[in-house]
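In what follows, chains carry the letters A, B, and so on, assigned in the order in which the sequence lines appear, proteins first and then strands, with residues in each chain numbered from 1.
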4 protein chains.
Amino acid sequence: MLNKKELIYYAVIDLFKNKANINNIKISDIAKSANMGKGTVYEYFRSKDEIISETILYIIEENTNKITSMFNHNQDFKINMLNHIKILLELILENSKFHSIFMSGEMSSLFDQDYEHKLMNKIMETKKHYFQILKTILNKGVEENKFNKVLDPYIFNAIGNTIFTSIMYYIHECNDNLEVESFIEKVYNLILKMVK
Amino acid sequence: MLNKKELIYYAVIDLFKNKANINNIKISDIAKSANMGKGTVYEYFRSKDEIISETILYIIEENTNKITSMFNHNQDFKINMLNHIKILLELILENSKFHSIFMSGEMSSLFDQDYEHKLMNKIMETKKHYFQILKTILNKGVEENKFNKVLDPYIFNAIGNTIFTSIMYYIHECNDNLEVESFIEKVYNLILKMVK
Amino acid sequence: MLNKKELIYYAVIDLFKNKANINNIKISDIAKSANMGKGTVYEYFRSKDEIISETILYIIEENTNKITSMFNHNQDFKINMLNHIKILLELILENSKFHSIFMSGEMSSLFDQDYEHKLMNKIMETKKHYFQILKTILNKGVEENKFNKVLDPYIFNAIGNTIFTSIMYYIHECNDNLEVESFIEKVYNLILKMVK
Amino acid sequence: MLNKKELIYYAVIDLFKNKANINNIKISDIAKSANMGKGTVYEYFRSKDEIISETILYIIEENTNKITSMFNHNQDFKINMLNHIKILLELILENSKFHSIFMSGEMSSLFDQDYEHKLMNKIMETKKHYFQILKTILNKGVEENKFNKVLDPYIFNAIGNTIFTSIMYYIHECNDNLEVESFIEKVYNLILKMVK
DNA sequence: AATGAATGAGCGTTCATTCAT
DNA sequence: GATGAATGAACGCTCATTCAT
């Protein structure tokens, strides 16, 4: 059972998906979508900026948890990497608009200073956490002697971005009726080349 | 000497850089930044949407020209690729906020239908044109027997995105005092791995 | 007790009387005159055009009802005609500016197409309805053998206009301290001549 | 050959005819219609209000002259009255929008106090002058023993308004394909009844 | 706790008027 | 004298926020 705050989060997430852009989301839309009065929304949040930025924090938290819990120490490098790409694909498919804003880093600029700061910190922290997961997965490959330990943070970054931009390409631009599994295999192979 | 329309373009570009986000740009800001009255702005554009979208078209056009004119047939693959990365770095440094919005594809949703359509077409066309340039550069490498012809559009896309995200990483996140030249060399080496 | 919509109608009617012309009425005037905020006005109407045209429809409706309910089958022709002129005098006195615009037919051109159409239809319908009342009154005179049945629509029109322009003359131009009753008697006599 | 001021008058008159309402006439429209620059218009008039009100004065003057010069002492009452109605019909047909505003008396309210006053005076004076003409024509009928001298200003007023509203009826509402001559004859007959 | 009617600051846009050329 | 580019006051409308119920 969702509490009121979560009802509001999901209302905003819904509007993210359907409304063209974040700036056009109105409090009245959120209230209607959450099946409550406008006044009620303000019982749980102090301002629109707070609603939007906390929703973003909520999405980030949820997604990070899903990505983290996907890793399985008992599986080998390839399985873990394929699963990682798969879960990311699912999460992005569910809310691609959100993720492209998140990745572009343009999220921060939507709010007043205080919220921007809080949000930027969360994003930084999340990225660090994400690289930790990526490192854990890649270390599996090192253990399996597939390649040498990746030390350069630049490469970590490039791999992370490649996974994301590959998914965006698959969703938005890829025209050959490529099966999901083949696509994921392709990304996996490209990553292998990058770490070699 | 800039004409009034260009003065307005540069005013908007300036606000892109400094103002938090596109949606917060006000006509009064543009007018002030361009040193003219609000009414004057409307002598040259019919609406705020037109101003923003035409400014974006203007930036795209300018940047595309610079990127295109950088290629030199008489130089070898490596020189051309390094120069390509360098000019992109310069252009993005000049207006990184714009580029991250452009790359995220979130630009379109800011305007009413007509402008969105026009803009999306330009972006599509620009991406195609960009891949053409990338292909031309990569073909140099093929001629030089550095690697085999790249046929998969997925790889083109991945390379293009890697260049961009690498630059964003260099600008925003890289903490080791990495020299520009070393950075560019690093990107070059990563691309080499990707096409092998 | 008036509801908000009616408060707005009466605010506009008040401004009709005092403000020079319809086109100079501002939303801020209406809001102030109705003792509410500008935003509140927009809770009840979608646009200024809607406010003005619906107010006009409201006035027409109210006036038509008063004029209609004045007719009494048990009274003779003269009494009915005198009462008819009397009620018209009262209504026009209450809002002469409105009536002269209404009669001139210049009302329609104030609004965008949709409202103009709706309003024109109402005006047409109202005029037909008015001529019906006039016919009913005149038929009393025919029953009483005062004159022959009036068949020519031109004469109907002329009588209707004569009543109106006579009243405007009495209100605005008549300088002899003519008693209302004497004036009405005068109009009555003129009408009698016209139908003979 | 028209001078600049007259070019502006005729530009405004043209816009009266075609534009829905007076308030929508823009200085830029007037300038374009008069084939001159906006600045030039202001060489001849001090403000938009002055342009509109002086144009109205010009139209009134022109029309009054035409109406006055129509009267012919050597013709009998009927001929003069028929000619009078005919010339009015022509003038109103030429610019019916203007005349309905003029008759409704709503003209005055378009301007600031000073112009309103000047205009109202002209209108009053014109109406007096018009009644003088009407009286002259009616006196012909008295001379010819058609009816007794009309003394009551109310009747003058009613006759004047009947002529006008009859013409408006003929132009806008009359649906039987009534010949102009028959229509004018009808109005003449109604007037005869009114003065009897 | 829940509501939604009421609000007004703030924005996009228009257009009469000015003034340098 | 003739011009039209430049201007900014003013208006219609939106929407985040408040508060009485």
Interatomic distance where OH belongs to D/Tyr44 and P belongs to E/dA16 [whole Å]: 20 Å
Interatomic distance, A/Leu7 CG vs E/dA2 P [rounded to whole Å]: 11 Å
Stems involving DNA chain E, each a run of at least 3 consecutive Watson-Crick or G-U pairs under 3.5 Å: E:2-21 with F:2-21
Test: A/Lys5 cationic atom under 6.0 Å from A/Phe45 six-membered ring centre, within 45° of axis: yes
Contacts of A/Tyr42 that satisfy side chain to side chain donor-acceptor pair (under 3.5 Å) - sequence neighbours left out: none
Integer-rounded Å distance: E/dG12 C1' and B/Glu50 CD: 14 Å
Sugar-phosphate, base or nothing in reach of D/Lys4, heavy atoms under 4.0 Å: sugar-phosphate
Using residues 54-61 of chain B as the side-chain source, report each donor-acceptor pair under 3.5 Å to any protein atom, sequence neighbours left out, with the distance given to one decimal.
unit_1	atom_1	unit_2	atom_2	d
B/Glu54	OE1	B/Tyr9	OH	3.4
B/Thr55	OG1	B/Ile51	O	2.7
B/Tyr58	OH	B/Tyr10	OH	3.1
B/Glu61	OE1	B/Lys122	NZ	2.6

Those residues that, when tested against C/Tyr115, pass side chain to side chain donor-acceptor pair (under 3.5 Å) (two or more places apart): C/Glu50
Sugar-phosphate, base or nothing in reach of C/Phe45, heavy atoms under 4.0 Å: nothing
Side chain to side chain, B/Ile8 and B/Ile30, heavy atoms closer than 4.5 Å: yes
Atom-to-atom span, CD1 of D/Ile51 to P of E/dC15 - whole angstrom: 15 Å
Minimum side-chain heavy-atom gap B/Lys118-B/Asn121 below 4.5 Å: no
Residues in side chain to side chain donor-acceptor pair (under 3.5 Å) contact with C/Asn63, at least two apart in sequence or another chain: C/His99
Residue list, side chain to side chain contact (heavy atoms under 4.5 Å, CB included) with C/Lys32, at least two apart or on another chain: none
Gap between atoms CE and P, on D/Met36 and F/dG1 respectively (whole Å): 13 Å
Spacing between D/Ile52 atom CD1 and E/dC15 atom P, to the nearest angstrom: 14 Å
All salt bridge (charged side-chain N to carboxylate O under 4.0 Å, His left out) counterparts of A/Asp14, not counting sequence neighbours: none
Base versus backbone protein contacts along nucleotides 13-21 of chain F [heavy-atom cut-off under 4.0 Å; B, S, -]: BBBSBB---
